[in-house]
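Take a look at the structure set out below.
No hydrogens, no waters, no symmetry mates; every other heavy atom, side chains included, goes into these values.
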Amino acid sequence: MSGEFDSTYQRAMTDRQGFWADAAEGIDWDRKWDNVLDESNPPFYRWFSGAMLNTCYNAVDRHVENGRADQDALIYDSPMTDQVIKFTYRELRDHVALFAGVLAGEGVTKGDRVVIYMPMIPEAVIAMLACARLGAVHSVVFGGFAANELAVRIDDAKPKVMVSASCGLEPGRVVEYKPLLDGALDLAAHQPKRTIMVQRKEKQCSLGESDLDWNDAMAAAEPHGCVSVAATDPLYILYTSGTTGQPKGVVRDNGGHAVALNWSMGAIYDVKPGDVYWAASDIGWVVGHSYIVYGPLLAGATSIFYEGKPVGTPDAGAFWRVISDHKVTTLFTAPTAFRAIKREDPDGKLVADYDLRHFKALFLAGERSDPDTLSWAEKHLGVPVIDHWWQTETGWSICANCLGIEQLPVKHGSPTKPVPGWELCVLEEGGNEVASGDIGALVAKLPLPPGTLMTLWNADDRFKDAYLKEFPGFYQTADAGYIDEDGYVFVMARTDDIINTAGHRLSTGAMEEVLAAHPDVAECAVIGVSDELKGQVPLGFLVLNTGVNRENGEIVGEVVGMVRENIGPVAFFKTATVVQRLPKTRSGKVLRGTMQKIADSQSYNMPATIDDPVILDEITEVLKSIGYATGNG
């Protein structure tokens with residue numbers, strides 16, 4: 001209906017409390033709220049204060065009680081193990097209640113933390129929901145993350161229990177988790193009471209004194225009911241990259257989160273109860289939390305849980321096979337996945353081999369969607385291809401084309417308009433709003449809508465410093481962009497040194513800390529360079545200590561290995577080069593942004609504060625020698 005989006009957006013702006021109170025009617029409450037929005041302690045705004053609920057009940061039990069007991073809740077599809085396992089809402093409830101009993105038997109109660117370090121297996125979802133059932137706070141760490149990264153998260157969250165598995169599976173190899181887990185526990189000051197391990201048949205592991213086998217624990221457990229918690233109590237902690245190398249623990253609440261995600265499923269994705277929804281991501285990332293687990297289940301949909309890749313499991317038709325087999329209506333994935341498919345099957349020939357008649361829409365997020373990839377998907381799939389923009393911190397869309405409200409015209413390169421509940425501005429460094437079409441810092445006016453981050457775990461001051469300090473009264477997205485004359489938002493670049501590799505936000509600062517630890521490295525820099533497949537990949541620059549006479553290639557190989565060991569393969573750090581010096585400002589700031597533009601063959605202005613302009617010519621020549629800066633004369 002024409003104008004429906006504008007009227008919905010205006011209502012959310014002018015009657016914020018009424019708008020979200022209406023949305024909250026989609027959730028079952030044990031006790032209704034005293035205030036829709038509690039503004040008594042800014043900037044720590046709280047949604048639905050005084051209300052009581054249980055997120056697991058809303059995601060699972062209520063559907064069993066309201067006629068969806070025999071509908072599929074979760075479909076585990078694993079080309080890695082050649083398995084498809086379906087869980088009805090009743091079966092999922094029974095598994096979750098039993099594992100909640102396991103956790104309760106280990107002393108886990110409301111507010112306790114549980115770290116989940118698991119591959120894409122159903123037990124991971126069961127563990128998350130079991131925590132929510134007890135009012136415990138889960139913190140999922142991407143399976144296979146390096147031991148020291150896991151240790152930092154263990155020390156920050158201080159879990160009572162950890163849940164893990166013997167291994168994860170990648171095409172052609174098995175990744176053993178137990179050595180990584182044991183390595184993390186050796187490094188961590190905090191020691192959890194118990195680790196519960198899922199033994200996978202592909203590679204089992206030996207269990208230690210404090211380890212408990214998942215199957216044995218489930219066999220001895222009694223089901224546990226749902227524990228009512230405050231809407232403002234934390235549901236989970238999810239760590240995201242920090243520019244200092246110290247990860248930030250984003251805290252999500254129970255009430256606002258349930259309301260926002262349930263509303264988003266219908267309003268943004270146009271998903272109805274009983275539809276089959278697939279977010280092709282990992283539970284270690286925010287997309288997995290919001291749109292593999294909580295969003296679809298809160299809405300009474302069926303969620304696909306896929307352990308595989310877009311290509312190579314077995315081919316570039318893998319996604320079409322899943323859509324066809326399970327009658328998927330909506331797919332959400334990263335542009336990286338489609339670039340990989342496009343590279344393997346440029347003419348889209350494999351699409352024709354599958355029945356996609358139920359497929360209605362493709363959503364892309366996690367990085368900027370390039371027009372070529374969007375056009376390719378539109379051409380070969382014949383459905384709306386929707387770019388939308390959000391972050392770990394926000395938990396759901398900042399900007400999107402809200403198919404469930406009104407489908408707006410698509411502009412390639414734009415995630416369309418701010419979603420109802422979000423008020424965006426573009427500001428220059430002094431905090432003044434820029435003219436339409438001019439690039440500046442993209443910021444969101446406070447208070448943020450429900451479902452967004454409450455704070456950072458045990459770090460209220462860091463929360464304020466990281467997100468609220470630079471532009472008082474606004475949330476700083478750390479993305480730069482502009483808003484055009486039609487109100488469409490264009491997200492152009494990061495404003496800090498976080499790079500985006502295949503949808504994963506990675507800190508170049510953290511990588512630089514690893515490189516700098518090499519005994520032969522005097523100083524270093526890491527930038528993100530454009531990559532056709534992954535969006536961005538890190539590229540390292542090393543300045544060696546005077547007197548080092550080893551082969552450069554040997555040192556480069558060592559630092560690549562160090563990043564893999566300390567951050568993990570997810571960093572995709574594979575290239576570094578030795579340079580004589582780094583370009584800097586007179587105050588000593590390394591000109592990473594300028595280096596990145598040179599590498600990507602983009603035009604740039606000579607920084608006014610540069611110490612020695614000749615260094616940029618030196619950097620250009622080095623970059624050319626390793627295949628970058630090809631467009632620079």
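Pairs passing the salt bridge (Lys or Arg N to Asp or Glu O under 4.0 Å) check and including a residue from residues 374-384, sequence neighbours excluded, do not occur. The stretch residues 431-454 participates, sequence neighbours left out, in these side chain to side chain donor-acceptor pair (under 3.5 Å) pairs: E428-N432.
Taken from OG1 in T333 to CZ in F338, the straight-line distance is 7.0 Å, to the nearest 0.5 Å.
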### Task
Go through T8 and R11 one step at a time and tell me if the side chain to side chain contact (heavy atoms under 4.5 Å, CB included) criterion holds.
CA-CA 5 Å; T8 302; R11 187 184 171 216; 5.9 Å; no
### Query
Going through the checks in order, is the side-chain hydrogen bond (donor to acceptor under 3.5 Å, both in side chains) test met by W278 and D77?
CA-CA 11 Å; W278 179 22; D77 186 306; over 6 Å; no
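Ring orientation note: the planes of W29 and W33 are nearly perpendicular, at an angle over 60° on the 30°/60° scale. The aromatic rings of F142 and F145 sit perpendicular to each other, their planes meeting at more than 60°, with 30° as the lower class boundary.
By the 4.0 Å N-to-carboxylate-O rule, K272 lies close enough to D270 to be salt-bridged with it. A salt bridge links K411 and D484; the closest N-O separation between the charged side-chain nitrogens and carboxylate oxygens is under 4.0 Å. In summary, K349 and D345 do not engage in a salt bridge, as defined by a charged side-chain N under 4.0 Å from a carboxylate O. Using a cut-off of 4.0 Å between Lys/Arg side-chain N and Asp/Glu carboxylate O, E39 and R46 are scored as not salt-bridged.
Cation-pi geometry between K417 and Y9 is not met: the NZ or CZ atom fails to fall both under 6.0 Å from the ring centre and inside 45° of the normal.
Between W396 and Y291, the distance separating the two ring centers is not shorter than 6.0 angstrom.
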